[in-house]
Structure formats: structure tokens, C-alpha cells
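Notes for the one structure printed next.
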Amino acid sequence: MAASCSLFHSSSSAAAASLPRHQTSSQFRIPTSAPYPRPRRSPAVITCTSSTLDPAPSSNSVKPRRPADENIRDEARRHRAASAASTFSAKYVPFNAGGPESDESYSLDEIVYRSRSGGLLDVQHDIDALKKFDGAYWRDLFDSRVGKTNWPYGSGVWSKKEWVLPEIHPDDIVSAFEGNSNLFWAERFGKHLVGMDDLWVKHCGISHTGSFKDLGMTVLVSQVNRLRKLNRPIVGVGCASTGDTSAALSAYCASAGIPSIVFLPTNKISMAQLVQPIANGAFVLSIDTDFDGCMKLIREVTSELPIYLANSLNSLRLEGQKTAAIEILQQFDWEVPDWVIVPGGNLGNIYAFYKGFKMCQELGLVDKIPRLVCAQAANANPLYRHFKSGWGTDFKPVKATTTFASAIQIGDPVSIDRAVYALQRSNGIVEEATEEELMDAMALADSTGMFICPHTGVALTALMKLRKSGVIGASDRTVVVSTAHGLKFSQAKIDYHSKAIPEMASRFANPPVEVKADFGSVMDVLMKHLGDKAPK
Ligand SMILES: Cc1ncc(COP(=O)(O)O)c(C=O)c1O
Ligand SMILES: N[C@@H](CCOP(=O)(O)O)C(=O)O
């Protein structure tokens, strides 16, 4: 791309001067490495495109191919050698401790999941250091990294590294170039089913292991990788799971050669989910309880054994998950949608979305945040009940019962406080979906060209209800977050389309028609099906 402004930063010539002799400045590409300590620019001066951040040699030159004996990590290391070290940092603090007077904090290199008082933790970034760069700088930097293979910035998560884990060395990062998931314009669903023109589905499930969990797991496993290199006593990484966290954990651990241990509730996750950790070599325990029971056990076990806890109780996970929110803004050219609807179970993700949006507002990339909706299955709806009680003082866990949205069959969510915080501060809403509603919504969405999971059916039900009541307006730009790939839940779809679900009408079932293998029979069936549509 042609350089569109004259603001080639003076530090680029300084950097060029410090290059090794064999390296010409034309080989040196700035934005793929740590952010350059440029002074904060006033908006009036910012007329640059991403080429300002990426002073490639000349308008029509291409990046020289890396030498054959170099891999992408080596290449990134060579580029980094000439750039400044990160000036950003992050630490654990008690979640919502209220005010800087609280002196409790922990290095991210410590193994700690709870505050002194037993509350949740949060990763707190040095916002003042990040604020030395204005919103336009961050927007340009993030935009310049999308869709590349530069290590590690080609990942949708690590393209925001300075906001995620600023201090981790790129060599320690374990990434599958996750993130950068597509934002699907749900044209037919929007127009025909909810009367909307500006409806979008963020397909976080079109991902390495088929769910949004990859976004958080790349961060957590990278930090574990670092801790193990620092000789911290970690013999493995463990989680309780309804199927997606375990899939992501085992894949990222396998890719880094780190042992993983997963606790799964027997017969409560799909076959496709179960086979993922098995195939990736995790140590799989099938336990005769539900997710909440598994969660309790993994918490007890990780406090006794040097097994690192990978559930979203561990706030590192949310740092990766929040990048999906930043990505949505980026995909809309930094215009803020009116609504974002997220299915909720253990309730880390709804907070992660809030945090991503809020950071973008605080750091000047956008000027507001969307209203958030958390959608729950009626069979596992503790947050919905809490919301309906007007956020009464006492949160009451429930015994979650079987739901087709099996990954959110959770009655005692660990991140309840985070979810309430996010919803209260985003003028948010909680909705619920019955089994019939969520399965019908899934079938309807599929009939418009998607192939969504039942959890996304829960979120779409919430949308339909909020449209019907007029809370969401016809022209409101709305994003429904699809959290897992539909292929993980094909049995639920088979049951629905074969009308095999007791007490469910399966109104939108589309079962195959069995027909004899002769031309006449096939023609009869086709003519009946085509009816008036058939040519006379
Ligand atoms: C597919 C899917 N959707 C939604 C969720 C809910 O996310 P959270 O637990 O962060 O609320 C989960 C996991 O809980 C999930 O696996
Ligand atoms: N749906 C999750 C449940 C656990 O959530 P987590 O975010 O706390 O790990 C799963 O797939 O296991």
C-alpha cells in the first residue's frame, strides 16, 4: 500500500541505523513487532493509513521471503531484535475491589486464582501506559495485523498482544492463529424472521477446536508454557468441562507438549466434543456427576496437586476471550453495534465481552459500548432468575437440568459476579429459551444457510423475544455471538429433524424422504414436492 502520509517516524531511521549490517532498512517492518514507543499524536496529525505503522520499503515492493533456514518464530525474533522492548504490563488484582487504595496484586507469573478474601481476580493492565498512544494508533496497529502470518500477530488474539499479555515473550506463545472469525451478515434470518436489516452473527465457533474457547486457551496455555520454562511446579493443566473448554485445553497443550487432564460429566457432552481431548492425548476422566460437580472437584484437586487450573475462574482466559469484542468493532470499521447477544453458562464470556468493549472505549478507539444481552437455557437459568429478581442481594445457584444447549448446562456459575458487573454497566438484559424455542431457533437459522450450535439457538431466541417486545428495534445493529460449531452438535440436529424428541413438535424439521430406486417413484416424489413450482 502506498504511504499515505509524510509522518514516517523519526525512530524508524534510528532503528534502521541500529540494524545488523547485512540487513537493509527495506527488510525492516515495524508493526509486526512490539509497538513502537511513538509519542501520542494529536488527532489532527493522524492522517496516516496502516502504512505509517508498517513502513514497508516502497509503494510496490513486497516483503522479502524469509531465508529457507528460518521459521516464522525466528523471523519474528530477527525483526524484534531491532525494536524497543514492550513498555506495557499487567497484573492480577481482586475483581471489582474498588479503587486504587487496595494494595493486593500479584504478578502474572504467580499461580493464583482467588484473592485473599476468596473473591475473583481480574487482569489489570497499565492503562496509563497504554493511553500514551491514542485510539487512532491502536486502531491502525490492530488493523495492520489482520490476516497475516507474522508471529504471533497473525492470530486474532495476539494481534492485540499489548492488551492481552504484554510481557510474554513471543517465543513462549502457543497459538493456532485463532480468532479473526467471520462476522456473518444474517440477511435472510434478519429480514424474514425478525424484520431486521442489520443483523450479524459472529462465528466464534469457526475456530481451531470449534468454539470460542480457543481465544482464551491460547493465552492460558502460553502463560503455562512460560511458567514451566521458569521452572514453576506445573505437572499439567486441568479443567472441568461441558466439552468445549476441554477440547481447547487438550489441543493447545498437545501442541506445546504439556500434559492435560480433563474432568467431564458422564453422558452430558456430545460425542464430537468427547473425542477431541481423547484424540489430543489428554488424560480424560468421565465422572458420574454434572458440570458443577466436576468444577467442584477440579478446584479441590488443583489446590492439592501442581495442576494448573484452566477454567475461566482463572482470569487469564478472559484476556483472550475479550479480543472477540475488539474484533467485532474492528470488523465494523470501529463503529459500535447497538446490541451484542451472548449465550451464558459459567459466565466468564459475557464479562470478557464487556471488558473488551470497555477497553476500546477507555483507550479512545470508540466512544461508547453496546448493550449486552446474556441468553440462558431455561433449564439452566440462574442468571436469568437473578436478573428477574432485580439483582436481589442473594444469588441462588440452581440444579441445572438436561438441555440440548449442553455446554451451558451450568447451575452454579463461577463468574456470576463478573456477569452481574458487566450487565449492570452495559444496561444489559438477561433472556432465557426453552428447549423447544432454542431448537426451533437453531433449525430456522440453519434453514437460512447457517449451521449453528444449540447455544446460538438460545441467543437467537433471546433476539426473537426482544424484537417481539420491541426492546430491540428493527434498525438496531445487533450481533449474535455464535459460540461453537454446529458440527459438534449434529446429534441434536438429527434428533430434531427426525422428530425423535419427545414432547417437541419439531415444527421446522426437514427429514429425508425415503424413495424407491426407480425413475417413476423419484419423479412422483419430486412432482409432489415441487407442486405449483414445477413447470407445467
Ligand atoms: C458453546 C458454548 N457456548 C456458550 C458457553 C458459555 O460461556 P460462559 O461459560 O463463558 O458463559 C459455553 C461454555 O460455557 C460454551 O461451550
Ligand atoms: N462451556 C464450558 C464450561 C466451562 O466454562 P469455562 O469457561 O469456565 O471453562 C466448557 O466447554 O467446558
Side-chain angles (χ1 to χ4, degrees), residues 113 120 202-207 209-217 219-220 237-251 262-265 268-270 272-274 276-277 290-296 298-299 309-318 320-322 324 341-355 372-377 380-384 400 403-416 418-420 422-423 430 433 438 442 452-460 462 480-489 492:
Y113 316 116
L120 294 164
K202 174 69 172 163
H203 276 301
C204 294
I206 301 182
S207 179
T209 69
S211 88
F212 74 97
K213 304 287 180 177
D214 294 342
L215 304 175
M217 211 51 85
V219 175
L220 184 133
V237 191
C239 73
S241 184
T242 52
D244 291 325
T245 297
S246 45
L249 176 66
S250 45
V262 306
F263 289 11
L264 303 175
K268 290 189 175 65
I269 71 171
S270 76
Q273 289 173 311
L274 173 61
Q276 290 185 283
D290 56 10
F291 171 80
D292 296 304
C294 289
M295 190 70 223
K296 186 168 172 291
I298 194 77
R299 282 169 70 168
L309 179 66
N311 283 101
S312 57
L313 176 66
N314 186 327
S315 46
L316 281 179
R317 282 262 313 280
L318 306 182
Q321 289 173 210
K322 81 181 180 201
I341 308 178
V342 186
N346 222 9
L347 300 181
N349 210 28
I350 186 77
Y351 175 69
F353 269 88
Y354 170 78
K355 191 170 183 186
L372 297 181
V373 179
C374 190
Q376 292 211 294
N381 64 355
L383 182 72
Y384 176 75
T403 168
F404 280 103
S406 53
I408 53 176
Q409 189 185 326
I410 297 173
D412 191 5
V414 299
S415 285
I416 180 67
R418 291 176 175 141
V420 172
L423 289 159
V430 187
L438 74 91
M442 178 174 78
I452 60 164
C453 68
H455 321 86
T456 311
V458 173
L460 285 169
V480 169
V481 177
S482 178
T483 45
H485 202 295
L487 284 171
K488 285 192 174 200
F489 300 92

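Worth saying up front: this structure is predicted, and the values here are computed from it rather than measured. First listed ligand is number 1; within each ligand, the first listed atom is number 1. Heavy atoms only: backbone and side chains are in, while hydrogens, waters and symmetry mates are out.
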Exercise. Under the side chain to side chain contact (heavy atoms under 4.5 Å, CB included) rule, what do Tyr354 and Arg418 come out as? Steps first, then yes or no, please.
Key: CA-CA 10 Å; Tyr354 170 78; Arg418 291 176 175 141; over 6 Å; no
When you check ligand 2 against the protein, what N or O pairs turn up below 3.5 Å? List the atom names and distances, or just say none.
residue	atom	partner	partner atom	Å
ligand 2	1 (N)	Thr242	OG1	2.8
ligand 2	1 (N)	Ala407	O	3.0
ligand 2	5 (O)	Lys213	NZ	3.3
ligand 2	7 (O)	Lys213	NZ	2.9
ligand 2	7 (O)	Ser312	OG	3.1
ligand 2	7 (O)	Arg317	NH2	2.6
ligand 2	8 (O)	Ser312	N	3.0
ligand 2	8 (O)	Ser312	OG	2.6
ligand 2	8 (O)	Asn346	ND2	2.8
ligand 2	9 (O)	Thr245	OG1	2.8
ligand 2	9 (O)	Asn311	ND2	2.9
ligand 2	9 (O)	Arg317	NH1	3.0
ligand 2	9 (O)	Arg317	NH2	3.4
ligand 2	11 (O)	Thr242	OG1	3.2
ligand 2	11 (O)	Asp244	N	2.8
ligand 2	11 (O)	Thr245	N	2.8
ligand 2	11 (O)	Thr245	OG1	3.4
ligand 2	12 (O)	Ser241	OG	2.6
ligand 2	12 (O)	Thr242	N	2.7
ligand 2	12 (O)	Thr242	OG1	3.4
ligand 2	12 (O)	Thr245	OG1	3.2

Enumerate the pairs of nitrogen or oxygen atoms, one from ligand 1 and one from the protein, separated by less than 3.5 angstrom; state names and distance to 0.1 Å.
residue	atom	partner	partner atom	Å
ligand 1	3 (N)	Thr483	OG1	2.7
ligand 1	9 (O)	Asn346	N	2.7
ligand 1	9 (O)	Leu347	N	3.3
ligand 1	10 (O)	Gly348	N	3.2
ligand 1	10 (O)	Asn349	N	2.8
ligand 1	11 (O)	Gly345	N	2.7
ligand 1	11 (O)	Asn346	N	3.4
ligand 1	11 (O)	Leu347	N	2.8
ligand 1	14 (O)	Ala407	O	3.3
ligand 1	16 (O)	Asp244	OD2	2.7

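Taking each heavy atom of Ile452 and Met442 in turn, the nearest pair found is O-SD, 3.5 Å. Of all heavy-atom pairs spanning Pro413 and Asn346, the tightest one is CA-OD1, 3.4 Å. Pairing each heavy atom of Ala272 with each of Leu487, the nearest pair is CB-O, 4.2 Å. Nearest heavy atoms, Gln409 versus Ala380: CA-CB, 3.9 Å. Contact detail for Pro265 and Ser241: the closest heavy-atom pair is CD-O, 3.0 Å.
Judged as a side-chain contact (heavy atoms from CB on, under 4.5 Å), and not counting sequence neighbours, the contacts of Ala419 are Leu347, Ile350, Leu383. Partners of Ser270 by side chain to side chain donor-acceptor pair (under 3.5 Å), not counting sequence neighbours, listed by chain and number: Gln273.
Look at Lys488 and Asp244 and you find a salt bridge, because one of the NZ, NE, NH1 or NH2 atoms lies within 4.0 Å of a carboxylate O, short of that distance.
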